[in-house]
Amino acid sequence: MTPGSEDVLFFAVSSATLLAIVAMAGATALTRLAGLVLIRHVALGPRVRRFMSAIPPAVLMAVITPTALATGPAETAATVVTGLAATRLPLLGAVAIGVFSVAMLRAAGL
């Protein structure tokens, strides 16, 4: 490309990188689908069901805790609110409350 040319490369990816990305996406999709198919053939007791129902809030907290520790007071307060909401609500509801609370706290100037 020559200087002043109208063609600008926004994102260039080598074929090896693209192949790696596609392979990783395929592996991720296959492991998720295999888990859904295989779990149908396994009898789960009440203890295991309780354990598995605790996984989504635990993952949510693992994702948002670094934000609470590395940003301002609005994000920290919203993390606490989200954590409390995750103990009582489905994951989507807890995330929605967290997003709403951080937006309101930022708008309030925190």
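Index from 1, following the sequence. Everything quoted here is computed from the prediction, not taken from an experiment.
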Does [X] share a hydrophobic cluster with [Y], counting links as ILVMFWY side-chain heavy atoms below 4.5 Å and allowing steps through other members?
X      : Y      : result
Phe51  : Ile39  : yes
Leu69  : Ile64  : no
Leu84  : Met104 : no
Phe100 : Leu105 : no
Ile55  : Leu44  : yes

>> For the CG atom of Leu89 and the OG1 atom of Thr87, what is their distance to the nearest 0.5 Å?
In response: 7.5 Å

Closest heavy-atom pair and its distance - [X], [Y]:
X     : Y     : value
Leu91 : Pro56 : CD1-O, 3.9 Å
Leu60 : Ala94 : CD2-CB, 4.1 Å
Val37 : His41 : O-CD2, 3.3 Å
Glu75 : Thr71 : CB-OG1, 3.0 Å

>> How about CG on Leu92, more than 12 heavy atoms from neighbouring residues, nucleotides or ligands closer than 6.0 Å, or not?
In response: no

> Testing Thr76, Val102, Ile97 for side-chain contact (heavy atoms from CB on, under 4.5 Å) with Val81, which one passes?
Replying inline: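 That would be Ile97; it is the only one of Thr76, Val102, Ile97 passing the side-chain contact (heavy atoms from CB on, under 4.5 Å) with Val81.
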
